[in-house]
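Notes for the one structure printed next.
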Amino acid sequence: MDIQYIHTFTMQTKEECRTLQQKLKAQIDLTSRVKMTHIHNCAGVDVAYWEENGISYGACSIVVVDYQTKNVVEKVHSVGEVTVPYLPGFLAFRELPLILEAAKKLQIEPDVFLFDGNGYLHCEHMGVATHASFFLNKPTVGIGKSYLKIKGHDYVMPEDTEGAYEDIVIDGEVYGRVVRTAKGVKPIFLSCGNYIDLDMSYQLMMHFISKESKLPIPVRLADLHTHELRKRYRQSTGK
DNA sequence: GCGACAG
DNA sequence: ATCTTGTCGC
């Protein structure tokens, strides 16, 4: 894939990061750029971390899954040192270098990217899924496993049935949706990344829910893949 | 000083 | 995110 990126890698201070977030935030467009019937495949993105000799490393996996058959049609990854620390609200700056490095290796151009992490559901509407869309230039969806509190607002717990959900509305604006993807498990936090609306994001996400996990298949597979990669690289990277 | 904190 | 065994429950 042709990836256009710039500033994300040169951000050093929190102020510079905030400035970039504001600039990109102004360009968010939650209108769907793709029709539901034109979606042929979907990519899942995840990153895993580990430490060796005091140095942090990360492995990113992108797994592309066919929409109809749910078979894996492509799988790429990237591995390397991670120098950016994790700061709540700035996850994108830590994960994007590896994510974009992996995305460049894709032969297929996925119709949509599903991220392990939030998108529009973020204090500045700039979670990793939204941030990434500006460089991938593709629709993205955010899927978080836990809630990052915004302006002190809590979410309403959806009822315990598959597919039940509650929208997360703050100051009259819909930030995202808490979804119970399976009965008897904790809900996930869905939100638009960019170039796609929340209802289509929900349809897409639920389409990829199977009995194996509360996470949609593409994200689940990327999650498993990063764990394999870590097992494979952690010993060999050291001396 | 204390609590909160996507991954 | 990651460090980690067994164990309670459907």
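First the proteins, then the strands, lettered A, B, ... as listed; each starts at 1.
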Notebook entry, point to check: Taking atom P of B/dG3 as reference, at what distance in whole Å does atom OH of A/Tyr147 sit?
Noted result: 21 Å
Item checked: Length of the CG-P vector between A/Leu121 and B/dG7, whole Å -> 10 Å
Checklist line | Identified ring-ring contact (aromatic ring centres under 6.0 Å, His included) partner of A/Phe189 from the options A/Tyr147, A/Tyr120, A/Tyr175 | finding: A/Tyr147
Check: OP1, OP2 of B/dC5 versus side-chain N and O of A/Tyr86: anything below 4.0 Å?
Finding: no
Check: Nearest to the side chain of A/Arg94 - B/dA6, C/dC3, B/dG7?
Finding: B/dG7
Check: Is A/Asp111 salt-bridged to A/Lys138, cutoff N-O under 4.0 Å?
Finding: no
Notebook entry, point to check: Could you give the NZ-to-P distance, from A/Lys211 to C/dC10, as a whole number of Å?
Noted result: 18 Å
Next item on the list: May I ask you to evaluate whether A/Ser146 reaches the phosphate of B/dG7, defined as a side-chain N or O under 4.0 Å from OP1 or OP2?
Entry: yes
Margin query: Nearest whole Å is fine: how far is B/dA6 C1' from A/Asp116 CG?
Written below: 9 Å
Margin query: Counting the atoms with a prime plus P, OP1 and OP2 as sugar-phosphate, which does A/Phe189 contact under 4.0 Å by heavy atoms, base, sugar-phosphate, or nothing?
Written below: nothing
Margin query: Applying a 4.0 Å non-hydrogen cut-off, can you work out what A/Phe90 is touching in the nucleic acid: base, sugar-phosphate, or nothing?
Written below: base
Next item on the list: May I ask you to say what A/Gly89 touches in the nucleic acid, namely base, sugar-phosphate or nothing, with a heavy-atom cut-off under 4.0 Å?
Entry: base
Note to self: Is there a side-chain contact between A/Lys145 and the phosphate of C/dA1, meaning an N or O under 4.0 Å from OP1 or OP2?
What the structure shows: yes
Notebook entry, point to check: Does A/Tyr49 stack onto the base of B/dG7, taking stacking as ring centres under 5.5 Å apart and planes under 30° apart?
Noted result: no
Check: Separation of A/Lys183 atom NZ from C/dG9 atom P, in whole Å?
Finding: 17 Å
Next item on the list: Could you work out which one of C/dC3, B/dA6, B/dC5 sits closest to the side chain of A/His122?
Entry: B/dA6
Next item on the list: Inspect the contact between A/Glu124 and A/Lys25 and indicate whether a charged nitrogen and a carboxylate oxygen are less than 4.0 angstrom apart.
Entry: yes
Notebook entry, point to check: Is there side-chain contact between A/Glu228 and A/Tyr233, with heavy atoms separated by less than 4.5 Å?
Noted result: no
Check: What integer distance in Å separates A/Tyr57:OH from B/dG7:C1'?
Finding: 20 Å
Next item on the list: Please report, rounded to the nearest Å, how far the C1' atom of C/dA1 is from the CZ atom of A/Phe93.
Entry: 19 Å
Check: Knowing that exactly one of A/Lys186, A/Glu162, A/Met206 qualifies, which makes a side chain to side chain contact (heavy atoms under 4.5 Å, CB included) with A/Thr181?
Finding: A/Met206
Check: So what does A/Gly144 hit on the nucleic acid, given a heavy-atom distance under 4.0 Å: a base, only sugar-phosphate, or nothing?
Finding: sugar-phosphate
Notebook entry, point to check: Atom CG of A/Asn118 and atom P of B/dA6: how far apart are they, to the nearest Å?
Noted result: 9 Å
